[in-house]
Amino acid sequence: MPFDLHAFISYAHIDNEPLEPGQPGWVSRFHAVLKTRLSQRLGEPARLWRDDKLRGDDVFGDEIRAQLPRAALLVSILSPRYVRSDWCTAEVAGFAAAAGATQVQNKTRVVKVLKTPLAPGDRVPPVFERSLGHPFYKDEGARQVEIDPAFGDDARQEFLRRVSDLAVEMADNLRALAEAAPAAAAPAASGQVVFVAECGRDLQAVRAQLVTDLRLHGHTVLPAQQLPLSEDLLRAELATLLARATLAVHLVGSSAGPVPDGPTGQPLVALQNTLAAAAAQARGLRRILWLAPGAQGERPEQQAWLDALQTDADLQRGADLLRGEPEALKSAVHQALQALQQPVAAPTPASGSGPRVHLLMTEADRAAVVPLVKALRGLGLAVSVPVFAGDAAELRQRNAQLVADSRAVLVVYGAGDEAWKFHQVSDLQKQAAIAGRGPSRWLALLPPVTPDKELEQALADPATLDLLAGVPAAALAPLQAALGVAVPGAQA
């Protein structure tokens, strides 16, 4: 690495005063843990420098000035005292001047650690305005509580986790600096570019863990810097970021997050989803929408959006809607990325010489549809199933062609939930309206039994095939009659 120091830690000395006599200060604890975790991430001793002289005055001396050009990264521990200190501001300005550019290969050289919530009138140095921050405080009702190991075991564990997350990002940025390539960064050969949408404050910790995990697996995570909060600028930047991504992940909870300044008044969470859905329609961007357990909108408008998100096919476009714990989200993201890395497989040849029937289903339904496929083929029908692995845009094109080439489409309502079923039916209706024609549409009810499936069963729509108890020939008779096929070998 072309630097003597991995990082220069900039802080206000008042922020390192211990809460109790004889105990280490917050900054000292932070320094020690960061040094250990960064060393482990780099595979060599981390070289960190900070001015640890015990003094109360703010003196920007020659010793400090001499360290700035030697450092690859600047870690600024922001607090009300820090942003009001001429000395701390001088450190930031000195580093920026020595660095020339604070962005290398889309990686930032300035790290913003938010130790203490700032007062409404406090302003951070301009170099940090677009930098993603690492908060070391959390919301508890109307209060914001600092994460300090001195507050007990829970706070200590959270402190260690957040420093560890920071070390992962810093190691990633240091490697980019070591490579020192002038071209824009590209993902690792085995990695993907993942857009992890900004979320409300209630899911910030979940998002941080997901981002760290993705980076550990060699993926590039966007956005890499703070998004603008002017709607016009935000829309342009989001379009650029989404154009680079192969997967977009949205974490949706009770908080709507910040509201950009602009004509629509949409919260950032909703606006990101709108633009990502448009990217899914335009070029097949694959998306994951994760609804946090127990999410209830803090305000009526957020609850209305949450309700719409679960039923509106336009809001869900291109997305798998997931519920469950954060670990389930992480697994789903990695499965999606693995599928995107696999080459597109040719569609399973459809056997039978009769009309083609396409089964629209989730990947989890592969085993469950075997009896149905056999029964349909027994009627002499050609049967096709979706392609699940490959590039998102190519997958959507191939699967759309399979639908277009079919006489009938069966929406297999098995492992997919109610929102998934609604989305598929709505998409088929829109495609038919655009094309002016299309295959006949059918709903096939497969286990497990749910209240919604029982309602569909009770309604007994002629285009609904009740297969909850198996696949008897009588259940397929309406489809057979609509396609005008007879059982092979039957007497005329």
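Only a predicted model underlies this, so the values are computations on that prediction, with no experimental measurement involved. Positions are given from 1 along the sequence.
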| request: Mind listing the closest non-hydrogen atom pair of Val357 and Ser406 along with its distance? | output: C-OG, 4.4 Å
| In Å and rounded to the nearest 0.5 Å, what is the CD1 to CG distance from Ile288 to Leu329? | 7.0 Å
| field | Donor on one side chain, acceptor on other, Arg323 and Gln310, under 3.5 Å | value | yes
| pair Phe388-Met361: side-chain heavy atoms closer than 4.5 Å | yes
| query | Mind checking what makes side chain to side chain donor-acceptor pair (under 3.5 Å) contact with Arg162, not counting sequence neighbours? | reply | Glu158
| Got a sec, which residues hit ring-ring contact (aromatic ring centres under 6.0 Å, His included) with Phe159, two or more places apart in sequence or on another chain? | Trp26, Phe136
| field | Shortest non-hydrogen separation from Leu445 to Lys453 and the atoms involved | value | CD1-O, 3.8 Å
| note | Nearest heavy-atom approach of Trp442 to Ala482 is CZ2-CB, 3.5 Å
| note | When every non-hydrogen atom of Ser255 is compared with those of Gly200, the smallest separation belongs to OG-CA, 3.6 Å
| query | Near Asp261 CG, under 6.0 Å, is it more than 12 heavy atoms from other residues, nucleotides or ligands? | reply | no
| Would you say Gln316's side chain and Leu309's backbone share a donor-acceptor pair under 3.5 angstrom? | yes
| request: State the CZ-CZ distance between Arg244 and Phe195, to the nearest 0.5 angstrom. | output: 11.5 Å
| Main-chain N/O of Gly297 paired to Gln303 side chain as donor or acceptor, under 3.5 Å | yes
| query | Taking C-beta and beyond as the side chain, do Leu359 and Leu376 meet within less than 4.5 Å on heavy atoms? | reply | yes
| said: Restricting to side chain to side chain donor-acceptor pair (under 3.5 Å), what partner residues turn up for Glu454, sequence neighbours left out? | reply: none
| request: Would you check, one step at a time, whether the test side chain to side chain contact (heavy atoms under 4.5 Å, CB included) holds for Leu227 with Gln272? | output: CA-CA 11 Å; Leu227 292 171; Gln272 290 172 116; 3.9 Å; yes
| remark: Sorted by chain and number, sequence neighbours left out, side chain to side chain donor-acceptor pair (under 3.5 Å) with Glu301 holds for none
| field | Pair Val75-Phe30, side chain to side chain contact (heavy atoms under 4.5 Å, CB included): steps then yes or no | value | CA-CA 11 Å; Val75 179; Phe30 173 86; 4.1 Å; yes
| Is there side-chain contact between Leu443 and Asp461, with heavy atoms separated by less than 4.5 Å? | no
| task | Output the distance between atom CG (Leu38) and atom CD (Glu169), rounded to the nearest 0.5 Å. | result | 11.5 Å
| remark: For Asp213, the side chain to side chain donor-acceptor pair (under 3.5 Å) test, sequence neighbours excluded, returns His334
| How would you list, by chain and number, every residue that makes a salt bridge (charged side-chain N to carboxylate O under 4.0 Å, His left out) with Asp365, sequence neighbours excluded? | none
| Any Val425 side-chain heavy atom under 4.5 Å of Arg441 side chain | no
| query | Taking all atoms of both residues into account, what is the closest heavy-atom pair of Cys199 and Leu251, and its distance? | reply | CB-O, 3.6 Å
| Going by atom types alone, do Glu418 and Thr450 pair a side-chain donor with an acceptor below 3.5 Å? | no
| query | Shortest non-hydrogen contact from Gln192 to His219? | reply | N-ND1, 2.9 Å
| said: Quick check: do Trp420 and Val411 have side-chain heavy atoms less than 4.5 Å from each other? | reply: yes
| said: With salt bridge (Lys or Arg N to Asp or Glu O under 4.0 Å) as the criterion, how do Asp172 and Arg41 come out once you've worked through the C-alpha distance, each side chain's angles and the decisive distance to 0.1 Å? | reply: CA-CA 9 Å; Asp172 193 24; Arg41 295 304 311 164; over 6 Å; no
| Are the side chains of Leu402 and Pro386 in touch, meaning some heavy atoms are under 4.5 Å apart? | no
| Backbone N or O of Gly253 within a donor-acceptor pair of the Asp202 side chain at under 3.5 Å? | no
| query | Which is it for Leu372 and Leu476 under the side chain to side chain contact (heavy atoms under 4.5 Å, CB included) test, yes or no, and what are the steps along the way? | reply | CA-CA 9 Å; Leu372 174 59; Leu476 300 180; 4.0 Å; yes
| task | Look up atom CE in Met170 and atom CG in Asp165, then write down how far apart they are to the nearest 0.5 Å. | result | 13.0 Å
| Residues Thr464, Leu459; criterion side chain to side chain contact (heavy atoms under 4.5 Å, CB included); working and verdict | CA-CA 9 Å; Thr464 296; Leu459 292 173; over 6 Å; no
| Do Arg287 and Asn273 have side chains that get closer than 4.5 Å, going by heavy atoms? | yes
| task | Calculate, to the nearest 0.5 Å, the distance between atoms CH2 and CG belonging to Trp290 and Leu203 respectively. | result | 5.5 Å
| query | Just how far is it from atom OG of Ser164 to atom CD of Gln40, taken to the nearest 0.5 Å? | reply | 8.0 Å
| field | Side-chain heavy-atom pair Leu483, Leu379 within 4.5 angstrom cut-off | value | no
